[in-house]
Amino acid sequence: MEFYDLAFPFKLGPLTYAAPEGLQLSPGALVLAELKKSVKRAVVLGKAGPVPGRVADLKEIKSAVPEGVVLGESLVRLLKWMSEYYLSPEGLVLKAMFGAGLFEKRKRKAARPKAAKPHQPLPVQEIEKSRLNEFLKPEGFGVHLLHAPSTAYERSFIRGAVSGQTGVIVLVPELSRIPIYEPFLREEFGERLCVLHGRLTGAQRADVYEKILSGGADIVLGTRLAVFAPFKRVSMLAVAEEESEHYKNEEYARYNARDVAIKRASVEGAKVLLTSICPGAESFANALRGKYRLLRPARKPIRVRLINSRKTPMKTPSISEGLHRGIMSALEKGAGAVIIANRLGHSVPVCEDCGHLEKCPSCGMAMVYHRPRRALRCAWCGHSKTAFEACPRCRGHNIKFLGSGLERFEDELKKLLPDTPVRTESAAREDGPSDARLVIGTKRAIPRKGRGEVLAAGVINPEGAFFHPDFRARERVFRELCYLADRLTEGGTLYIQTSEPALLKNLKTLDYESFIKAELAERKILGYPPFSKTGLIMVEGPIKKLELPALENVEILGPAMRLIKKGEKASVLMVKASSSKELKEAFPAILKGIKAEKITVDIDPV
DNA sequence: AGCACGCCGACT
DNA sequence: GTCGGCGTGCTC
């Protein structure tokens, strides 16, 4: 009698089953087996070790499923590695990989032909052959990091790298990037290309898997779950915008698809191309210490104007003359301008008579006035209350509005340029794209490239994000500036208007390498990643017990209240260790000391 | 006492 | 994911 360990796509570790006489199974095979009285699909992880308990109590595998071996040896290895690394049961990893349906084809209503999505053609850039060969030449496993001068270069490089290959996975951070990459891949690979992402229905997803398993498709473009595409052979994986936080799965197993891509490549003997106009600190550090090969094409310096709003003449309370001139000059040349302000709402109302300032009862943060709703809102936790007409303390009407949020900024800009059509973020959400050449909004409003020239891009007080309690805050600000600058047409200028120029000293030239080296030096001193490994423990509901062990080389910070999703708060503990082995080994002891309703573990949080 | 419903832990 | 166990609470 043979025994096998099976994984079911649920929060469940491997379970041991007996195989019926004459059924030979290899790892990765799909089978049917009874679980809790009902028959379910499961994946064979391998032959079982010593069977715990009585062999006679084990249930029998019902049958193998015709799809056969769906996972291949390397994907089974990847599954086991993820389970160990992310401290997540094998079943949950399996569910994260292929969904609870496990390749099952449900009957479905007549398939409607999907309409071809309109797309902008990819502006193709000349990529130096020699640079491309630096990536294409080396055989076998290896990670290459392209620090691209622009997103256009990044995309062209991926195009060149993928061309002529077989067994390729191209990962993009978001659904919205698929229409950018699909046209050129489709052009070259036709039906060999398939698109895979989380918004597909179960049946569509099963169709894609069928095409991949039958060998009909060998190029996949998709979001993070496409890293698990069940190819027999993968020769390369490309990860576009590799630093993106969207690669982090926030449910089931909390994996990072970029890191999983590298692991997958290492078990498959494939090569990896990480690309970004602003690589993440971890990846760049790996390149600096020779773990990754760094590809750095020449870049043109970006013209940046830093405007100190405390020292410069102001056109309105929140718009400096310099910024105003920049916008005007872009518009006069027939080009567009994009202005980003990340603070939502209008401003912070303060009573000039008694100095009263409304604070959030739970966070203590100043409440921000939101005019359309006539409400005061806490930017941190979302608590809101009706705005006051008179000062609640002294009844005075002498209210001063401090600071400039997006709403105020929109108002002032419209007043300054009464004849220019402006697309504001609030309007854009309702009306969709407009052809206004002046765009104002948070970073979400940054328009796609290719819709006319942009000669001025401005950002107001980007240092606001520094006050987030997060060691990555500065990196995020820098990245945002890089992506904003990327929208500029050649010859354009990036305007940074700030009231705290001292905080932006290292950022103002947008010199990535100097910035990231300084950042890495600081993280080294403070012991943050990549010089340590971190994991979060998120505790929802009241903590019933908290007894943290003292461990060598492991530091436990917190608990601190944190907003984990909109409106959902949790107590968060951060565990820091000097290596991922130490981190992994510390967790069981730490988790034993915590009792609460719901506890979630997140290794390598972003 | 008798049963409906909901939460929680276990599932080989 | 889903079954059964058990606790709460309402009803005959």
Side-chain angles (χ1 to χ4, degrees), chain A residues 1-65 67 70-71 76 79-80 82-84 86-108 198 200-206 209 225 228 249-255 537-545 568 570-571 587-588 591-601:
Chain A
M1 190 91 96
E2 304 261 40
F3 301 99
Y4 293 97
D5 281 336
L6 303 187
F8 291 85
F10 317 122
K11 187 175 179 179
L12 196 59
L15 300 174
T16 307
Y17 283 74
E21 224 34 67
L23 185 64
Q24 280 298 317
L25 292 167
S26 49
L30 255 194
V31 295
L32 292 175
E34 200 176 84
L35 180 72
K36 279 264 176 197
K37 311 256 125 101
S38 53
V39 176
K40 291 258 144 62
R41 288 181 157 221
V43 165
V44 175
L45 292 182
K47 286 247 170 75
V51 180
R54 295 204 358 255
V55 167
D57 292 343
L58 295 179
K59 289 183 182 165
E60 257 195 4
I61 291 168
K62 291 268 184 261
S63 64
V65 175
E67 277 93 326
V70 286
L71 256 68
V76 174
L79 189 157
K80 289 179 178 168
M82 284 177 69
S83 167
E84 231 183 81
Y86 292 109
L87 301 170
S88 192
E90 284 80 351
L92 268 195
V93 175
L94 183 64
K95 185 180 174 183
M97 287 175 138
F98 303 108
L102 277 194
F103 308 93
E104 184 151 36
K105 296 198 83 177
R106 299 268 159 108
K107 59 226 164 270
R108 102 202 91 140
L200 298 179
T201 64
Q204 290 170 326
R205 207 167 148 181
Y209 287 140
L225 59 85
F228 306 116
N249 195 34
E250 299 285 0
E251 49 173 21
Y252 313 144
R254 301 184 148 246
Y255 65 89
I537 300 173
M538 289 170 282
V539 184
E540 285 170 71
I543 301 179
K544 290 177 201 141
K545 182 180 124 186
E568 278 181 58
S571 305
F587 263 84
L591 291 173
K592 235 184 6 206
I594 309 171
K595 282 261 148 41
E597 311 260 314
K598 195 183 168 205
I599 300 173
T600 313
V601 171

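Naming: A, B, ... by sequence-line order, numbering from 1 per chain. Since the structure is predicted, the reported quantities are computational estimates derived from the model, not experimental observations.
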In whole Å, what is the span from the [atom1] atom of [X] to the [atom2] atom of [N]?
X       : N      : atom1 : atom2 : answer
A/Leu6  : C/dG1  : CG    : P     : 19 Å
A/Lys62 : B/dT12 : NZ    : P     : 12 Å
A/Leu92 : C/dT2  : CG    : C1'   : 15 Å

So do the side chains of A/Tyr17 and A/Tyr4 get within less than 4.5 Å of each other, counting heavy atoms only?
no
Assess whether a salt bridge exists between A/Glu104 and A/Lys40, defined as any Lys/Arg side-chain N lying under 4.0 Å from an Asp/Glu carboxylate O.
no
Mind checking whether A/Tyr255 and A/Tyr86 have parallel, tilted or perpendicular rings, split at 30° and 60°?
perpendicular
Quick one: salt bridge (Lys or Arg N to Asp or Glu O under 4.0 Å) partners of [X], sequence neighbours excluded?
X        : answer
A/Glu60  : none
A/Lys595 : none
A/Arg205 : none

Give the B/S/- string for nucleotides 4-11 of chain B, one per nucleotide from 5' to 3', where a protein heavy atom under 4.0 Å of the base yields B, of only the sugar-phosphate yields S, and otherwise -.
-----BBB
Would you check if there is a donor-acceptor pair between the side chains of A/Ser38 and A/Lys36 at a distance under 3.5 Å?
no
Contacts of A/Lys80 that satisfy side-chain hydrogen bond (donor to acceptor under 3.5 Å, both in side chains) - sequence neighbours left out:
none
Taking N or O atoms only and anything under 3.5 Å, show me the protein contacts with nucleotides 5-8 of chain C, one pair per line.
none

